[in-house]
Chemist: 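Let me give you the structure first, and then I'll get to my questions.
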Number of protein chains: 2
Amino acid sequence: MRPNDLPDIRDLPLFRSMDEASFAELMNAAYLQKFPRQVDLIFEGEPADFLYVVIEGCVELFSRHAGRETTLGMVVPVSSFILAAVIRDAAYLMSGRTTEASRILMIPSENIRAIFEKDGAFARAIVRELALDFRVMIKEYKNLKLRPGIERLANRLLRLHDQTAAAGSFMLPYDKKTLASILGMTPENLSRGFATLKAYGVDVSGNMITITDVDDLRAFAKVNPFIDQ
Amino acid sequence: MRPNDLPDIRDLPLFRSMDEASFAELMNAAYLQKFPRQVDLIFEGEPADFLYVVIEGCVELFSRHAGRETTLGMVVPVSSFILAAVIRDAAYLMSGRTTEASRILMIPSENIRAIFEKDGAFARAIVRELALDFRVMIKEYKNLKLRPGIERLANRLLRLHDQTAAAGSFMLPYDKKTLASILGMTPENLSRGFATLKAYGVDVSGNMITITDVDDLRAFAKVNPFIDQ
DNA sequence: CGCGCTGTTGATACGTATCAAGGCTCGTGG
DNA sequence: CCACGAGCCTTGATACGTATCAACAGCGCG
C-alpha cells in the first residue's frame, strides 16, 4: 500500500471515527491490489470473504438472472461496497467487476466483524453508512417502480449536470450501454430516450451532454426530492 | 402499555441485546397507541420523529409520485419500521398507514439516537437489523428489475405457500389490490396473472390460494435463492 | 486494413397500463 | 329485513411503454 493512500481511507466516514489501534489492525490485515479492467472481483452467491474499498478506478455491481443482466450500482473512489453481506456473514447478492484499471483494498470479513464487535465507534459508523446506503437503495427502488424509463433518464442527466456544476456540458462517466443497464432499460431504448429529450433541451454528442434548458428538462423529469435528492 | 407486550418487544432482535437500563429508558419515553384501520401514521417528506414498532395489526408503507402510488412494504407484528430515517435524522422516504386496527409503539427518535450513542450493544443490533433490511431491499430491487410481473407473482405465491407450510392452501394476507401494488402491477394485470398461472397449478377462489403442482409452479417462477429465499 | 464493439434507427412483438363495463360481496340505512 | 350503493375483482378492448430482431454507420484497436 502506498503511504499516501492511508489518509484517504482513514478519512472515509466508515473509518474516520474508529480508534487508531483498530484502524491499524484492519489495515494490517488488508490487501491492496491492482486489477486491470473487466476483472471479476466477487460473484453473486459466494460467501462474503472481504469488504472491498475502491481506491482508484471503478467497480460495477451487477446481477444476472434468467439470461438477463442488470447493473445495480457503480462504485467510485473512495468508497466501500458489500458492507451488508460482510456484516451478516452471508452470501453476496451482487457480482462485481472492474470497468477500468483499479486499485482495490480488500479487508477480510473476519477482521471487520471482530473490530465491529469490540469498537463501538466503528459499529456506529457502520450504522450510519448502512442507513445511508439503505436510503439510496429505497430511492432507486421508488425510481424504478414509480417512473417510466425516459423520466429516469431525464433525472439521471440532471443529477450528473448538478454534480459537475460546470457550465452547461458534462461527460457521461460510463458508456451508454452501461447507463442503460443502470436505468433499467435497453441500449436501443436509451438511444430513443435521448432523441426525445432533444425537445427538452438535451444535446448529445458522443459522451458529451449539454443541457441547454435546465428548467424545461427539470419540469419534464418531475423531480422529486424523495427519489432524486 | 400492557405488561405482557414488553417481553415481545424486548425479544426483538433490535432490543434483545441492549442492557436493561437502556431498554427501560427507551420504553419509558415511548408511547403505545391504538389506531383504527386506514389511519395515516407517517408522511413521506416529514422529519423522522419516531421509530415505530407494530405490536398488533398491520402497517402498509407506500409512496406517491406524479399521480401514481405504490406499496413499498407491509409491516406485521412484531417489527419496527423506518429505522434508517431515524438513525440519519432525516425525512421519511415512505408514507405509512394502518391497514387494520393496530397497536403501535412509538419511540421518539432522540431517545433512539441517544441510546444508540451510548449503548454499544444497541448500535450493533441496529447494524444487524439495517444490514438485513438492506439485503431484503436489494432482493426486491433485483426482483423488479430482472423479472416480469407474472414471475414476481409466481414467486410471491410460492413464498406465501412455504411460509404457511400447511397443506396445499393458504389465504392471501391482504386484498388483491394491495398485492398488485406490492408486486408493481395493476389489479387488472394481477387478475390476468392469476388466470395464466392456472395452467401451472394455481387455483384461486377469493383470497384462498391452492397450489396443486408446486414443482410446476416453481419451474415456471424461475426461483432464485439470491432474489427470493 | 478489417474486425469487433458501441450506438443508432426501423420494424415488429410483447408486457403492461388504461378505460370501460359488469358481476359480486358486504355493510349500511331505510 | 331488504334494498341500495360502494368498493373489489374480473374481463374485454385498446393504447402505450419497452424489448427484440435486424441492419448499418462510426470508431478504435490489433
Side-chain angles (χ1 to χ4, degrees), chain A residues 36-38 60 64-71 99-101 143-157 171-199 202-209 220-222, chain B residues 36-38 60 64-71 97 99-101 143-157 171-198 202-209 220-222:
Chain A
R37 61 191 297 276
Q38 296 293 37
E60 178 182 9
R64 277 190 258 257
H65 172 73
R68 297 150 156 272
E69 176 179 313
T70 194
T71 301
T99 59
E100 42 184 288
N143 194 32
L144 190 62
K145 221 174 170 187
L146 288 166
R147 285 211 271 234
I150 191 161
E151 286 179 25
R152 297 198 296 272
L153 171 58
N155 280 288
R156 176 68 56 142
L157 294 179
M171 283 289 191
L172 290 178
Y174 14 72
D175 56 20
K176 290 178 186 167
K177 196 182 143 197
T178 305
L179 178 59
S181 184
I182 290 170
L183 294 173
M185 53 206 292
T186 57
E188 294 95 325
N189 244 313
L190 176 68
S191 208
R192 290 184 244 269
F194 274 125
T196 85
L197 287 187
K198 203 170 215 167
V202 176
D203 271 25
V204 182
S205 140
N207 272 12
M208 165 86 85
I209 310 287
F220 173 84
K222 292 176 190 140
Chain B
R37 61 193 296 275
Q38 295 294 39
E60 178 181 7
R64 276 190 261 257
H65 173 74
R68 297 149 156 274
E69 175 180 315
T70 194
T71 301
R97 66 182 159 227
T99 58
E100 43 184 287
N143 194 33
L144 190 62
K145 221 172 170 189
L146 287 166
R147 285 210 272 234
I150 191 161
E151 285 179 26
R152 297 198 296 275
L153 171 58
N155 279 287
R156 177 66 58 140
L157 293 179
M171 284 290 190
L172 290 177
Y174 13 74
D175 56 19
K176 289 178 187 167
K177 196 183 144 194
T178 305
L179 177 60
S181 184
I182 292 170
L183 294 173
M185 53 206 292
T186 57
E188 294 95 325
N189 243 313
L190 176 67
S191 208
R192 289 184 243 269
F194 274 126
T196 84
L197 287 187
K198 203 169 214 167
V202 176
D203 270 25
V204 182
S205 138
N207 271 12
M208 164 85 86
I209 310 288
F220 173 85
K222 292 174 189 139

Chemist: Give a yes or no on whether the backbone of Met171(B) and the side-chain of Asn207(B) come within a donor-acceptor separation of less than 3.5 Å.
Modeler: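 No, the answer is negative, given that no donor and acceptor are paired below the 3.5 Å cut-off.
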
Chemist: Starting at CG of Asp175(A) and ending at P of dT8(C), how long is that distance when rounded to a whole Å?
Modeler: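 Distance, rounded to whole Å: 11 Å.
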
Chemist: Provide, to the nearest angstrom, the distance between the NZ atom belonging to Lys176(B) and the C1' atom belonging to dG23(C).
Modeler: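 Between C1' of dG23(C) and NZ of Lys176(B): 14 Å.
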
Chemist: Just to be sure I understand the geometry, which residues of residues 180-189 of chain A put a non-hydrogen atom under 4.0 Å away from DNA chain D?
Modeler: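 Result for residues 180-189 of chain A: Gly184(A), Met185(A), Thr186(A), Glu188(A), Asn189(A), sorted by number.
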
Chemist: Return the polar atom pairs (N/O with N/O) between nucleotides 11-14 of chain C and the protein under 3.5 Å, or none.
Modeler:
residue	atom	partner	partner atom	Å
dA11(C)	N6	Arg192(A)	NH2	3.3

Chemist: Could you encode protein contacts along nucleotides 25-30 of chain D as a string, one character per nucleotide from 5' to 3', using B for base contact, S for sugar-phosphate-only contact and - for no contact, with a heavy-atom cut-off of under 4.0 Å?
Modeler: ------

Chemist: Tell me: CZ of Arg147(A) to C1' of dG17(D), nearest whole Å?
Modeler: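 Those two atoms, CZ and C1', are 16 Å apart.
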
Chemist: For residues 181-195 of chain B, which side-chain N or O atoms pair as donor and acceptor with protein atoms under 3.5 Å away, sequence neighbours left out?
Modeler:
residue	atom	partner	partner atom	Å
Ser181(B)	OG	Thr71(B)	N	2.8
Ser181(B)	OG	Thr71(B)	OG1	2.8
Thr186(B)	OG1	Asn189(B)	N	3.2

Chemist: What integer distance in Å separates Lys145(B):NZ from dA19(D):P?
Modeler: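 Interatomic distance, NZ of Lys145(B) to P of dA19(D): 11 Å.
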
Chemist: For Lys177(A) and dT6(C), is the shortest distance between a side-chain N/O and OP1 or OP2 below 4.0 Å?
Modeler: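 Affirmative; the distance criterion is met.
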
Chemist: Output, in order, the C-alpha distance, side-chain angles, deciding distance and verdict of side chain to side chain contact (heavy atoms under 4.5 Å, CB included) for Leu153(B) and Leu197(B).
Modeler: CA-CA 9 Å; Leu153(B) 171 58; Leu197(B) 287 187; 3.8 Å; yes

Chemist: Rounded to the nearest Å, what distance is computed from the CE atom of residue Met208(A) to the P atom of nucleotide dG7(C)?
Modeler: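 So the two atoms are 16 Å apart, to the nearest Å.
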
Chemist: Do Val202(B) and Leu157(B) have side-chain heavy atoms sitting under 4.5 Å apart?
Modeler: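 Val202(B) vs Leu157(B): side chains touch.
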
Chemist: Which residues pass the salt bridge (Lys or Arg N to Asp or Glu O under 4.0 Å) test with Lys222(B), sequence neighbours left out?
Modeler: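 Partners of Lys222(B) by the salt bridge (Lys or Arg N to Asp or Glu O under 4.0 Å) criterion, ordered by chain and then number, come out as Glu151(B).
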
Chemist: Within the structure provided, determine whether Thr196(A) and Ile150(A) are in side-chain contact (heavy-atom separation under 4.5 Å).
Modeler: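 They are in side-chain contact.
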
Chemist: For Lys176(A), I'd like to know if atom NZ has over 12 heavy atoms of other residues, nucleotides or ligands within 6.0 Å.
Modeler: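 Enclosed.
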
Chemist: Output the rounded distance in Å from CZ (Phe194(B)) to P (dT11(D)).
Modeler: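 It works out to 12 Å between those atoms.
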
Chemist: Please determine whether a side-chain nitrogen of the Lys or Arg among Glu100(B) and Arg37(B) lies less than 4.0 Å from a carboxylate oxygen of the Asp or Glu.
Modeler: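 So Glu100(B) does not pair with Arg37(B) through a salt bridge.
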
Chemist: Which distance, rounded to the nearest 0.5 Å, do you find between the CZ of Arg64(A) and the CG of Leu146(B)?
Modeler: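 Rounded to the nearest 0.5 Å, the CZ-CG separation comes out at 11.0 Å.
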
Chemist: Could you check how far CG of Leu190(B) sits from C1' of dG15(C), rounded to whole Å?
Modeler: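 Value for this atom pair: 15 Å.
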
Chemist: Which value, rounded to the nearest 0.5 Å, describes the distance between Leu172(A) atom CG and Leu179(A) atom CG?
Modeler: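 Between atom CG of Leu172(A) and atom CG of Leu179(A) there are 6.0 Å.
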
Chemist: Going by the rule salt bridge (Lys or Arg N to Asp or Glu O under 4.0 Å), which residues pair with Arg156(B) if we only count those two or more places apart in sequence or in a different chain?
Modeler: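 Arg156(B) satisfies salt bridge (Lys or Arg N to Asp or Glu O under 4.0 Å) with Glu140(B) once adjacent residues are dropped.
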
Chemist: What is the distance, to the nearest angstrom, from the CG atom on Leu179(B) to the P atom on dC9(D)?
Modeler: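 Those two atoms, CG and P, are 9 Å apart.
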
